[in-house]
Amino acid sequence: MLPADSPLLSGLNEAQERAVTSEADSLLIVAGAGSGKTSVLTRRIAALIASKRSWPSQILAITFTNKAAGEMRERVEALLGDVAEGMWISTFHSACVRILRTEADHFGYSKAFTIYDSGDQRALIKRLIRDQGADRLGLSPSSVAAKMSRLKNELVDVDGYRSRVQENDPNDVAFFQIWADYQAELLRSQALDFDDLIVTTVQLLRAVPEVAAQYRRRFRHILVDEYQDTNHAQYALIRELTKPVPPDLVPEQAPEEQKKKGIPAASLTVVGDSDQSIYAFRGADIRNIVEFERDFPGAEVVLLEQNYRSTQNILDAANAVISHNFDRKAKNLFSDQGAGDPIIGFTGYSQHDEAQFVADEILSLMDTGYRYSDIAVFYRTNAQTRALEELFIRQAVPYRVIGGTKFYERLEIKDLLAYLQAIANPADTLAVRRILNTPKRGIGPATESALVAHAESTGITLSAALAEAEQLGLGPKVTGAMADLNALLAEMRASVERASAADILSAVVDRTGYRDILNRSDDPQDLARVENIDELIAVATEFSRGNQEAGLVEFLTEVSLVAAADELDDSGGTVSLMTLHTAKGLEFDAVFITGVEEELLPHRMSATEPGGLAEERRLFYVGMTRAKKKLHLSLAMSRATFGEVMMSAPSRFLQEIPEHLIDWRESGLPDPALERPRPSLSREPAPLPRAPREKNTSWANRVDTVVRDNSELELLAGDRIRHDDFGEGTVNAVTGQGPKRVAEVAFDEAGKKRLLIKIAPITKVDA
DNA sequence: GATCTGGTCGTTTTT
DNA sequence: CGACCAGATC
């Protein structure tokens, strides 16, 4: 028991206090958006330790991202000091990797197994499809990957699927064969894909009772965040870990009483909100949370409804939207922060116009004391970043795209990581294949085939075949190239035990000449690649410094499992751009949700899926509830996709928000004759965009195809300039250096803008 | 074996 | 419109 005046309880409301102190064996915390869930979870962990109900090492907490795990650890440490040392706080995937590396010999894998990301997976499946000639059947890598993933999430493995194959469906037969080959290849390469990490852990716990007993005995308190987004395999994992240990499996060194009576099941706390379930497409099963009380009889349920994040206007709008999902438990978030500002709505003519609105609003937020890092822009699909980025660059809005084309997916990064993987795990066929001729050393497809054939016929790994390259009887040049590569790999492997990941990486970059080759290139893209390589080395150096005892394998694990949200950098002065999915669990003072249009949000693809519309609505709800003070909803009347301009209609979700909560803004009209858009579908037509304010010339944001370079243009505060789109204005200030010089201009009609001078379509006007 | 080019295809969402 | 791939050419 905690004393009533414990600092762990200070400032909590009654429900939160119950959630922190409950001693129930199973506890479900239904935590509405912004209800202080993270705080409750960290205090609950701290309370378990402070009240001596648990040692830190007996705690396993599962979070959705590595970043959330890191923050939770810090907060527990802030409450208790470094007793938090032995706790496991991590994502499902990281926890599984940790178990699997420790127990590798129980399932025939090396501790240094490779984790294949979706790119690796795709490449492998593609090769297998081609080998089988199954491409003509309409089997695409993505469809095969999706089907495999779906089955794995349901804990169906290749053997289990064998009896379910539709023999009269050639498609299914081919799929089965590809899947079987895929798993065989992964085993041969000592590799696991993302889904395998969970599945294999479940299988391990089920197959080896001694191992299961060991973890059940260790983890006495298990806490799972974002429980509404767990899939069946993750659910099964939790179930396995929360089973009691029978007396005969209690280890020798355990206390007498445990050996006599066995060890009871661990306590389980799950936190979730079915209104925020947005991952059904990757197997998340909302039933896991809905049926928690049935699965864990006697469970205590705590409902957190008070919101500490947003103003009441934002909550009213969000509540109104989500209430249109039937089949949900009624829940109404409330706040004591007052109504706050109205939500701002905007209808643009194009995505460029919409982007201009976002940029303008960001600028005016900055004037009222916001920092860039307080602001986020959300969208449904990654493709929507283009228009935003284009404009942000031109108008010098510092931004960062979270997720998107991930750093670790870039060609040069994948290449170098493949070296590291091949060094750590010589069996990794995919990695060895990738580096065979990267950088170019004259080992082409023919040589590769010969090498693979040699490996397969003699039953050795591709790495081992490389060491026997002279037996292939190829030309001296190719043979020499293979011998050189082999020597490099052998030398690096010999150093794995003593050298850090950063040292090995640097050695690879130097010895392969990878950087030198890029430096000699005249392609400007290659310059960026060199920078990426240096950044990778910096990441590795930082990792090695922060984790003294960790080596190459640990580094590779870390980079394999980074989540999009992990990239978030809240110290930096940048606006964050991300998908609505990535936004889950985050909060910002000011939020922009863009592209609130039919076909986009809800996305057209969701229309055909059962429950698709409801999930899109939850997605919109998640986005809205990220905002603390300012919420902006914007759309474009037309949107160019595939180079074709399509008209778009306002999202039906806008209809669901009470009119008085939104203050609609209006873009300048390019053509007064043009009918104004009405963000309303049927029912009462909402009196949306009102009459235009003053004449506003800021609509068009045409991409300038003329190569412009104003680097030499000298500008000073007070100068008058003319801009192709915005007309004339006065320069208020010039900041920045060289190509990054920025002019702050007050335009006579278009208002205040920031412009990247180098590329701005401006000329000086004589006063 | 490397590079170029024309054609195809595609956009949900992610660990 | 642009990324990516397969086949043709040097």
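Keep in mind that this is a model prediction, so the values were computed, not measured. Chain letters run A, B, ... following the sequence lines, proteins first and then strands; every chain starts at 1.
- Proximity of a side-chain donor or acceptor of A:Arg434 to a complementary backbone N or O of A:Leu417 within less than 3.5 Å is not detected.
- Panel note: side chain A:Gln121, backbone A:Tyr116; no donor-acceptor pair is recorded below 3.5 Å.
- Ring pair A:Phe64/A:Tyr279 is tilted by interplanar angle, where 30° to 60° counts as tilted.
- Considering only residues two or more places apart in sequence or on other chains, A:Arg441 meets the side chain to side chain contact (heavy atoms under 4.5 Å, CB included) condition with A:Tyr419, A:Asn437, A:Pro439, A:Ile443, A:Ala481, A:Leu485, A:Thr512.
- Distance check on atom C1': C:dA6 versus B:dT11 gives 23 Å, rounded to whole Å.
- Between B:dT15 and A:Asn66, no contact under 4.0 Å exists linking OP1 or OP2 to a side-chain N or O.
- Contacts of residues 276-289 of chain A with DNA chain B (heavy atom under 4.0 Å): A:Tyr279, A:Phe281, A:Arg282.
- Using modelled atom types, one finds no donor on one side chain facing an acceptor on the other under 3.5 Å when comparing A:Thr438 with A:Asp415.
- Not one N or O on the side chain of A:Gln234 forms a donor-acceptor pair closer than 3.5 Å with the backbone of A:Phe92.
- B:dT13 atom C1' lies 11 Å from atom CD of A:Gln384, rounded to whole Å.
- OP1 or OP2 of B:dT14 sits under 4.0 Å from a side-chain N or O of A:Asn382.
- For A:Thr579, taking side-chain heavy atoms from C-beta onward, the closest of the listed nucleotides B:dT14, B:dT15, B:dG1 is B:dT14.
- Regarding A:Tyr408, its OH atom lies at a distance of 17 Å from the C1' atom of B:dT14, rounded to whole Å.
- When the ring pair (Phe, Tyr, Trp, His ring centres under 6.0 Å) test is applied to A:Phe107, the partners found at least two apart in sequence or on another chain are A:Tyr109.
- Listed by chain and residue number, A:Leu466, A:Ala467 satisfy the side chain to side chain contact (heavy atoms under 4.5 Å, CB included) test with A:Asn486 (two or more places apart in sequence, or in another chain).
- The CG atom of A:Leu619 sits 12 Å away from the C1' atom of B:dT14 (whole-angstrom rounding).
- Comparing A:Thr91 and A:Ile443 along DNA chain B, the residue whose closest nucleotide (by nearest heavy atom) sits nearer the 5' end is A:Ile443.
- Residues A:Tyr379 and A:Gln351 have side chains that never bring a donor and an acceptor to within less than 3.5 angstrom of each other.
- Residue A:Gly444 is the one, among A:Gln121 and A:Gly444, whose nearest nucleotide of DNA chain B lies closer to the 5' end (criterion: closest heavy atom).
- Listed nucleotides: B:dT14, B:dG1, B:dT15. Nearest to the side chain of A:Thr447: B:dG1.
- Heavy atoms of A:Ala446 sit under 4.0 angstrom from primed sugar atoms or phosphate atoms, though from no base atom.
- Residue A:Phe64 contributes atom CZ, which lies 15 Å from atom P of B:dT13 at whole-angstrom precision.
- Atoms CZ (A:Arg618) and P (B:dT13) sit 18 Å apart, rounded to a whole Å.
- Interface residues of residues 602-611 of chain A facing DNA chain B, ordered by number: A:His603, A:Met605, A:Glu609; criterion, heavy-atom separation under 4.0 Å.
- If you measure from atom CD of A:Glu226 to atom C1' of B:dT15, you get 13 Å, rounded to the nearest angstrom.
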Below 3.5 Å is the cut-off: list the nitrogen or oxygen pairs between protein and nucleotides 1-5 of chain C, distance only.
from  : atom 1 : to       : atom 2 : distance (Å)
C:dC5 : OP1    : A:Lys126 : NZ     : 3.4

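- Backbone-only contact: A:Asn437 has heavy atoms under 4.0 Å from sugar-phosphate atoms and none from a base.
- Within the 4.5 Å cutoff, the side chain of A:Leu186 has heavy atoms near those of the A:Leu124 side chain.
- Rounded to whole Å, the distance from CD1 on A:Ile402 to P on B:dT13 is 16 Å.
- A:Glu448 has its CD atom 10 Å from the P atom of B:dG1, to the nearest Å.
- Put simply, A:Thr582 has a side-chain N or O that comes within less than 4.0 Å of OP1 or OP2 on B:dT14.
- Checking side-chain atoms of A:Ser576 against main-chain N and O of A:Arg400 turns up no donor-acceptor pair under 3.5 Å.
- Minimum atom distance to the side chain of A:Pro445 is reached by B:dG1, of the listed B:dT13, B:dG1, B:dT3.
- A:His632 and A:Phe592 have parallel rings, their planes meeting at less than 30° on a 0 to 90° scale where 60° marks the start of perpendicular.
- Remark: the backbone N or O of A:Ser560 is not paired with any side-chain donor or acceptor of A:Asp117 at under 3.5 angstrom.
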